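Computed from a predicted structure; not experimentally measured. Chain naming here is simple, since letters A, B, ... match the order of the sequence lines and numbering starts at 1 in each.
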Amino acid sequence: MNEIRPRDRDAVLQALRAGVVPRVGQHLVQVGRAAELDALLKDIERIADGGAAFRLIVGEYGAGKTFFLNLVRSIALEKRLVVMNADLTPDRRLHATGGQARSLFNELARSTATRTRTDGGALPVVVEKFVTNAKSEAKATGRPTEEVIQDKLSALSELVGGYDFAIVVDIYWKSFEEKNTDGMASAVRWLRGEFGTKTEARAALGVREIVDDANMYDQLKLLARFVRLAGYAGLLVCLDEMVNLFKLSNTQSRNSNYEQILRILNDTLQYAPEGLGFVLGGTPEFLTDSRRGLYSYAALASRLSENAFARDGRVDLTGPVVRLGSLTPEEFLILLQKLRNLFAFGDSAKYLLRDEGLMAFMEHCHRRIGEAYFRTPRTTITSFINLLAVLDQNPGADWRALIGNVKVEPDKVPTTLDNAVTTEAGDELASFKL
Amino acid sequence: MARQRKTSLGLLSGLVVLVLVAYGIHLVLAYWQVTLTFFVIAGALWLGHKSQVPKAKPQSGQTPQSPPSTAPRKAVGVSVRLTSSLDQLRTDLKQDPRPFWVDANRNVTIRGRAVGGMLYVGEDLAALSGYSVEPALINPNLSAVTQVQDLSERRMGYWPSYNGISPEARGAYLQWLSAGRKDPNADIGLVFLYFYGLERRVLADTLSVPVPAAEIAAISAEVQRLLGIYSNSSFRHYANNFLGVLEAKNLPGGLYRSSPPSGPGFFLRHKVGLAQCAQDGVPLPADWAIAWLEGDTNSGSLPTPARRCPSEFRRLFVIRYAQAYGEGLILPKNKTRLRFDYHAASASFHGWKHSLGIEFDLPDVTVLSSPLKKLRVIAEECCVELSGYSRRLAKPGIDRDSLECIADLPYSLWPDKYRGPVEKIRAMVATSGQPLAVPFESVLKWIPPHTTLGKSLWRSFVARLGEAGIGIEPDPASGGQVPKGETRVAFFPSTPRERTDEISARYRAAAMTLQLAVAVASADGETHEIDRTALIGRLEEWLPLTAIEKARLNAHLRRIMADRPKITGFKSQIEAMNKSAREVVGKFVVSVAQTDGSITKAEHKMLERIFKLLNLDTAALSAITPEEPRTVVVAGKTDSDHPIRSPAPAFVLDANRISQLQAETERVAALLTGIFSEEERESPTPSVQLENPEHEGDAPGLWGLDAMHSGLAAKLLERAHWTRTELEELAEDRQIMLDGALETINEACLDATGQSLLDGNDPVEVNRELVREDQAV
């Protein structure tokens, strides 16, 4: 059994305890979904080979879409991809005319992560890595750095908007040579798409284009090519909460967004932008609603329709849609086992609860809130971790007494729950000692 | 004959030079030592033939209207261009700037245009580096078009030089000069060309020849004038640094005692002010803190509110800053000395032997990131507070003085005319300790002007008063309506912390019960008899309330007692209650009616109405006839919020499915483990070879890195922590990009050992485990 790193363990437990999806170490608590992961892993490998990928992750509320996306993100980082991720909101869309698409790009750029910078904000790092690599190469081959950089950048110029992109990268390293921090800051601002007007960008950098609503996807393609030039394997873009597009009330703007998705889908399946992948997360209604969902757009409906034979447990993961079912009680039990294992640093001698304890916990939850405990397991998991924490810190406490006191509520604001469990358990123990 | 020979020779050497110049113009500047060799060889070649070439007449006067040589040169157009390129090779260029400088009092005419003074004019002044013609030198012999249409067109490249640019560009430059040097649309290259001359005059000529102090002052004023017209960021950067270096020598102490220089940008004066502040151990004044924040380019610009409503942002920042740090943040005295490196804009300075840097005996606090982070936290909090107001301002045609705006503005920023009445009310409720009920009309007199007072507007206004420590009843958050004309509102002391949107269902139930109870008690017109404290006290027996809820309930009671209480508007609330809860409310109302020992007819009638409203059987009331007083026992508490769930179906698990899932999960775990620790499995072969760092040259690089990165990694391993500043210094010593280098090292380390060497951003932590592991091996 490979050892569990304390840092990963704490990160996972803290996140779950707060009711959010962990950013690292998801592999420690992943349950099942082997086929789905396999499919995504192949996608990532294809991207790293210079191919392209497009996946739509569909699942009900609480089915673990975000968890799955984060896991994919972590895998991609380990495979040396650069990953950008963002949640769609009413103010952040794929297509817009009022700056909402640029805003999505801002968020994506801000979240740029690499294997060594998993927390985001790695866009300047990517640029510096590019220059650093070019310098090393220049040193090794005895050519001037300028020439090496221009050589590499010329590969970008053939893409839409590539010329200005190359100029900005060029300005970044020239500013560095001159120690002009203003210039470096302006260049990074441009790359992050933070220039609001062309005039502003022209005054600061002398370029005539900026990242705006219309060319945001082209910019992503450029970035994909650029990260490969900088020595990374490719670029993966994760977009969550796609249901926000479904919620758009204006038919026209909804359709333009779907058109953008169609463009991305067609691109990735046909022309294959080099080293670029998209993973989108959304609820089933976003996909299948025939009036407002993706299926309302005929061209997408035919491309995304699922294999008619793949139902009732049979799966087909060659299509772009990956369906995540909600957890079953059995899966939930395994999840609890994994958590117990994680809590004990993978050492089965230190397990705080035996399987019968887990069953008792589940039965208790089942009585309190019914099926919700495994369908939307957020709050149940939080209580379980709290229970383990109490057992851990109070050796000798009897789990039977504690489980009866565990309060579980249907998935709501989880913070009140923390206090409820710990104080009640604490009281119990105080009287026990007396 | 001589002319022809000259032309062919010129062509020959000119071609060599042109190729060199075109191919390596920036290399000349970056690696001038190398390319100098080429120049010297080419120069020597040219000098060998020079004796045969008639020497160009040195330009000594300042206003040659039309030199004799111009006309024939113009006739052979090509040769003019070539000879001008040849100028760059001439080693007999003049070093003494005096004959070339045209001061501000003179007005020189070039190619028919009076272009004024403060310029270098002539034919052969050397650049400071000595190997080319001074870029700012206006050579009247060179052709220039007479009229240019559009000055904003970019006609020159990076680091232009008057004798290297096209005749159109020269024409544009002369036109710009003669038109007062103020066309705001002019290409920034023209301004730079002019600026090059000023830069040289002040920073270089002063070292070799006497320059009157008045002239330096005039040039400084001129640059300031240009700054007022041209906002190009590059120009602003150079010009402000130029002004900085001018004033650096005689900056007074204690700059921080007065306000920092206003306007965008962060310059030497700011840095010196902050440094003096740290040196003197004085708390950092708020306006300097703001200047620092706004000048910081590394952490990105401040959120929108700071830019959209700067004055409100500043005022709020001052308040929050004082709350967080009292008089101000004490800056640490760090060891990095404040240095001012002047990078000249003009190419004339490239390769010049003098250094323009200035070192101060002050700590350079601007390299520290922790104080800035603290300030940024405050600034971002301020922006969050101001975000509503800022969004409001973004709408067109909004009046800053309207209630819509004011209600979005944090209370501490309200204009005095609106704060005044609020403060008065606060003083009143604080001294009396009792809620204050006034007709809403009197409130309307002092609240800011508005068109319609909707629910959301009233809600945000109430929230603002909450910040001032005043609560209001009715509050939409607690289910109250927006007050109108004659209704009364009650003010009561509240804590600013109270979040009005967290008012509980319990409170709403209590407020309703109370209103019904008062309706009964005042049915016979004797409201004064009710003891408010007792009423609330009894209510609390079955509904535990927090202190703030009690204060609010008291104010609510005060208000409904002043008005004639209504029993309408509770329908939806009552419908949501279950029967037992409704019964409890009914019983309470009855008990209130009985406090004075008897139930009058009017009271009985009101009770009947209330029971109907509560959807209770009025038959229960017949038991308590008006004549027959009877005690009603109040028991239990309302449980309307939590309907008890029906028991869930039986609990069973499928054992087969579990084992199947377990197997699948194991498979996934194996798959993932492969991804997340593939290197660890390879680690038995010792891949970490931390050699003695001194031998980095001959040993293969650490983790397969090249010599430079390997050296840096070895240096990093010496300590467990590095601050960002220290790392930046290390990077600067090595002339490399910090983030790029760290990324490269980290990646290599991950590849080799499966762990990352560096963690965190500031301070950066070094994973020293890797060293120990290696030493053990």
Problem set entry | Check: A/G99 main-chain N/O paired with A/S103 side-chain donor or acceptor under 3.5 Å | no
Okay, A/S175 and chain B: the region with an atom under 4.5 Å from a heavy atom over there is neither
Cut-off 4.5 Å, heavy atoms of chain B, and the answer for A/R33 is backbone
Applying a strict 4.5 Å limit to non-hydrogen atoms, the region of B/F266 in contact with chain A is neither
One option among A/T181, A/V131, A/N133 has the most heavy-atom pairs under 4.5 Å with chain B, and it is A/V131
When the 4.5 angstrom heavy-atom criterion is applied to A/L41 and chain B, the contacting part is side chain
Using modelled atom types and a 3.5 Å cut-off, is there a donor and acceptor pairing between side-chain atoms of A/R73 and backbone atoms of A/T118? yes
Greatest number of non-hydrogen atom pairs under 4.5 angstrom with chain B, of A/R117, A/R202, A/K135, falls to A/R117
Okay, B/Y158 and chain A: the region with an atom under 4.5 Å from a heavy atom over there is side chain
Is a donor on one side and an acceptor on the other found under 3.5 Å between the side chain of A/E331 and the backbone of A/T328? yes
A/K129 backbone acceptor or donor facing B/E743 side chain under 3.5 Å:
no
Sidechain N-carboxylate O distance under 4.0 Å for A/D355, A/R340: yes
Honestly, the part of A/Y232 sitting under 4.5 Å from a heavy atom of chain B is side chain
In terms of heavy-atom pairs under 4.5 Å with chain B, the winner among A/Q337, A/E194, A/E178 is A/E178
>> Strictly distance-based, threshold 3.5 Å: is any side-chain N or O of B/N241 a donor or acceptor partner for the main-chain N or O of B/Y342?
In response: no
If one checks every heavy atom of B/T744 against chain A at 4.5 Å, the contacting part turns out to be both
What I want to find out is whether A/E45 reaches A/K42 closely enough, with some N-O distance under 4.0 Å, to be called a salt bridge.
no
So, the part of A/K139 with a heavy atom under 4.5 Å from chain B: the answer is side chain
Residue from A/F130, A/F176, A/W173 scoring the most non-hydrogen pairs under 4.5 Å with chain B is A/F176
If one checks every heavy atom of A/E177 against chain B at 4.5 Å, the contacting part turns out to be neither
**Report entry** Donor-acceptor under 3.5 Å (B/R307 side chain, B/L302 main chain)
**Finding:** yes
Salt bridge or not between B/R236 and A/D182? Use side-chain N to carboxylate O under 4.0 Å.
no
